Amino acid sequence: MKTIIAEKPSVAREIARIVGATKREEGYFEGGGYAVTWAFGHLVQLAMPDGYGIRGFVRDNLPVIPETFTLIPRQEKTEKGYKPDSGVVSQIKIITRLFKDSEQIIVATDAGREGELIFRYLYHYIGCTTPFVRLWIRSLTDKAIREGLRNLETGDKYDNLYLAAKARSESDWLVGINGTQALSIASGHGTYSVGRVQTPTLAMVCARYWENRRFKVEPFWQLHIATEDGNGEVVKFSSSEKWKEKEPATELYNKVKEAGTATVTKAERKEKTEDTPLLYDLTTLQKEANAKHGFTAEQTLEIAQKLYEKKLITYPRTGSRYIPEDVFAEIPKLLAFIGNLPEWKGKVNPKAVPTCRSVDGGKVTDHHALLVTGEKPLFLSKEDSTVYHMIVGRMIEAFSEKCVKDTAIVTADCAGVEFTVKGSIIRQAGWRAVYGEEEIEKATIPGWQESDTLTLKAASITEGKTKSKPLHTEATLLSAMETADKEIEDDALRQALKDCGIGTPATRAAIIETLFKRGYMERCKKSLVPTEKGLALYSVVKTMRIADVAMTGEWEKELARIERGELPADTFRKEIEAYTRKITSELLSCDKLFARRDSGCKCPKCGTGSMQFYGKVIRCGNAECGLPVFRLKANRTLSDDEIKDLLTDGHTKLLKGFKSKQGKSFDAVVTFDGDYNTTFVFPERKSKTTSTRRRK
């Protein structure tokens, strides 16, 4: 008998059907000489410190660096602490029996770093010695599974992938466990969670927040003139320069009005070609789904995984935007399928030869770019359909012709002021016709030549204001994570820098969600806004290694080298251990930032603990309560006296100088809600009908 192990029951069911394992048993399917079983994600995990006899957060125990990591069944949280998940333990027993009774194991977990780790951890925990081979497929269609089963690969081919996955898992444990314990010990109270990727990600969100809030808006003035082309159409020019002072701008404006004419000093016309966009990888899909449809990164990943399990798209957790030559051979057939979908009628030219910008086998990692499989998309929800058709639309764009434009830039002089106007006309819509974008860019510039005189029809002066960088959205944060916070607009260059990013396409959504779950940031419409708790943590760690985006990007690059067999895993382990010792020491030494002093006030929640000042936070000294009150509220720091008013009276006086998330100033009273979270009470408005409004 051979045992096939999949990552999820739904995938196991599909494989079992194909191999003829139709008899359902407890925890597996059997038949045709196969047993097909499944995991539920990670059945086995690294033991926590108490698995090495280390209990509690004790300074002298740090750093905790196990010589050899211990594997245990996945734990679940109970009222009495953590204990092994009973369902997991039961499934491990079933898998153990099947593995030991088999002549061969076929590994069918997801074909990627984490899928490999799920199987290998389980294999080592069981102490299994049965030989195993790998089913490596790009989609779950019947055809792909059958081809994969005919071309099983040796298990050791993916040893480096496992070693990279193991190194990632152990490094996250070392940094997360030691960093969290060290910072929590330094704080004197409460738990401050930090991590190898989550803390640099939070740092990017907080740094952008402060950059946005501290930006000083400055006015500027710009001049404009209007003339007509030979057909009576108005053409508007704008001054190349913007003035920070109104007086010189107004003086020049008056001269321009008096001049009445402008002289063309330069007229440039050229053909511009725009390459097709590359196919989607997971991160690009998540970014565009967030920007265009407001989907969170996690939501997009969940939908893509669902579409994959429904056999509608190829493996979604990919970091590549390219496909190899053998897959390119299938594209005409897939485009013909797409052309028959009702939503895309007339968008695919059946006689056109697909372009091959997205074809480069050398740039394909574990998996190629996202494609549809040719299975009909039936009974999809609105959200699932949206993501599916995003992938379809991008495929049509990627394999269409280039877009060709005629562009023009005309520069004119009027009263010594330089004015410019730009325009373009699309000559060949190419890929831009897929979503009708060829209709957007139509700005015809007359055939003016150098030295031509233009008669002014109007002149104007406008006042504008400089703008700060906007707060991060999930789309921009994913881009920042992808390139280690280097601002790269060019697709190809961004692709080249991916090895320097933090996290992986498969994990970035989970990192972002972790920051939400731990109360470090929240969503405000599409913007990501750090909470008082997040800003308090950032203020402590922002200059430390634990928040260094570039360093974390280097670790990710090292993991990719392990995966390619270019770096020994032991070398990386030694580097991470040294890094762990340094950040543990750094974080333990920051106890001065958490200097504690008694507020002289009883805790308003439990009534027994004394409220202690810890720099950015005031916290109840009663360990069973631990009520936190953060100083920073809506871009304003509460003073000691204001905090004491809040603790003793349940509210402050009316305070000025708060700023909303939109940057608007407001006055409010700070008070507690029913759960002892701080909230705002706004002053009554002077009107016939007064009202009191609250906002957290």
Side-chain angles (χ1 to χ4, degrees), residues 183-194 202 205-206 209-210 213-214 518-522 524 529-542 587 590-684 692-696:
L183 189 59
S184 300
I185 289 167
S187 75
H189 207 298
T191 301
Y192 286 84
S193 170
V194 296
L202 175 65
V205 174
C206 292
Y209 172 84
W210 283 125
R213 289 294 180 260
R214 290 167 177 163
R518 290 182 175 160
Y520 287 143
M521 70 181 186
E522 59 191 12
C524 178
V529 182
T531 61
E532 284 85 355
K533 180 181 178 182
L535 290 169
L537 175 61
Y538 174 66
S539 70
V540 173
V541 303
K542 63 184 177 183
L587 292 168
C590 73
D591 52 0
K592 59 184 177 294
L593 298 170
F594 294 96
R596 185 179 71 176
R597 53 193 174 86
D598 200 314
S599 69
C601 303
K602 288 290 183 185
C603 173
K605 183 177 181 181
C606 70
T608 57
S610 176
M611 297 298 289
Q612 306 289 323
F613 282 106
Y614 290 93
K616 302 287 183 181
V617 65
I618 296 83
R619 193 182 292 275
C620 175
N622 176 5
E624 294 181 2
C625 175
L627 172 71
V629 179
F630 293 96
R631 281 188 183 274
L632 189 67
K633 290 293 294 179
N635 217 36
R636 184 188 188 280
T637 301
L638 301 182
S639 69
D640 284 3
D641 288 341
E642 289 163 354
I643 290 286
K644 288 178 180 178
D645 286 344
L646 175 62
L647 296 174
T648 54
D649 302 334
H651 60 82
T652 65
K653 298 179 177 66
L654 179 64
L655 305 178
K656 298 180 180 296
F658 294 108
K659 275 193 176 179
S660 70
K661 289 169 184 174
Q662 289 74 34
K664 296 179 180 178
S665 298
F666 65 90
D667 305 336
V669 172
V670 180
T671 184
F672 290 115
D673 65 13
D675 295 320
Y676 289 93
N677 296 309
T678 53
T679 185
F680 290 122
V681 174
F682 296 95
E684 293 184 347
T692 302
R693 297 172 294 135
R694 286 180 176 262
R695 186 176 72 201
K696 287 188 180 180

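FYI, side chains are in, hydrogens and waters are out, and symmetry mates aren't considered; it's all heavy atoms of this structure. These figures come from a predicted structure and were not determined experimentally.
Pairing each heavy atom of K602 with each of T608, the nearest pair is NZ-O, 3.3 Å. The minimum heavy-atom distance linking F672 with P604 is given by the pair CE1-CG, 3.9 Å. The shortest heavy-atom contact between V194 and L183 is CG1-CD2, 3.8 Å. Residue C524 comes nearest to V529 through the heavy atom pair CB-CG2, 3.8 Å, listed as atom of the first residue, atom of the second, then distance. Among all heavy-atom pairs drawn from C606 and C620, the shortest one is SG-SG, 3.7 Å.
With T671 contributing its side chain and G650 its backbone, the two residues share a donor-acceptor pair below 3.5 Å. Side-chain atoms of Y192 do not come within 3.5 Å of backbone N or O of L537 as any donor-acceptor pair. A distance-only check finds no donor-acceptor pair linking the side chain of D649 to the backbone of H651 [under 3.5 Å]. Listed for the T531 side chain is a donor-acceptor partner under 3.5 Å among the backbone atoms of G519.
With K653 as the fixed residue, the side-chain contact (heavy atoms from CB on, under 4.5 Å) test singles out one of L646, D645, D641: D645.
In this structure E532 satisfies the side-chain hydrogen bond (donor to acceptor under 3.5 Å, both in side chains) test with no other residue, sequence neighbours excluded.
For the pair W210/P530, no side-chain contact is recorded, criterion being any heavy-atom separation below 4.5 Å from C-beta on. Counting heavy atoms from C-beta outward, L587 and I185 have side chains that stay 4.5 Å or more apart. Using a 4.5 Å heavy-atom threshold, the side chains of L638 and I618 count as separate. The shortest side-chain heavy-atom distance between Y209 and N635 falls under the 4.5 Å cut-off. Looking at heavy atoms from C-beta onward, N622 lies out of side-chain contact with C603 at the 4.5 angstrom threshold.
The structure places CG of L654 at 10.5 Å from CZ of F682, a figure rounded to the nearest 0.5 Å. To the nearest 0.5 Å, the span separating CE on M611 from CZ on R619 amounts to 9.0 Å. Taking OG1 of T648 as the reference point, atom CD1 of I643 lies at 11.0 Å (rounded to 0.5 Å). The distance from the OH atom of Y520 to the CG atom of L202 is 7.5 Å, given to the nearest 0.5 Å.
Taking 4.0 Å as the cut-off between side-chain N and carboxylate O, E642 and R636 count as a salt-bridged pair. For the pair R631 and D640, the salt-bridge criterion is met [side-chain N within less than 4.0 Å of a carboxylate O].
Relative orientation of the F666 and F658 rings is parallel, given thresholds of 30° and 60° on the angle between their planes.
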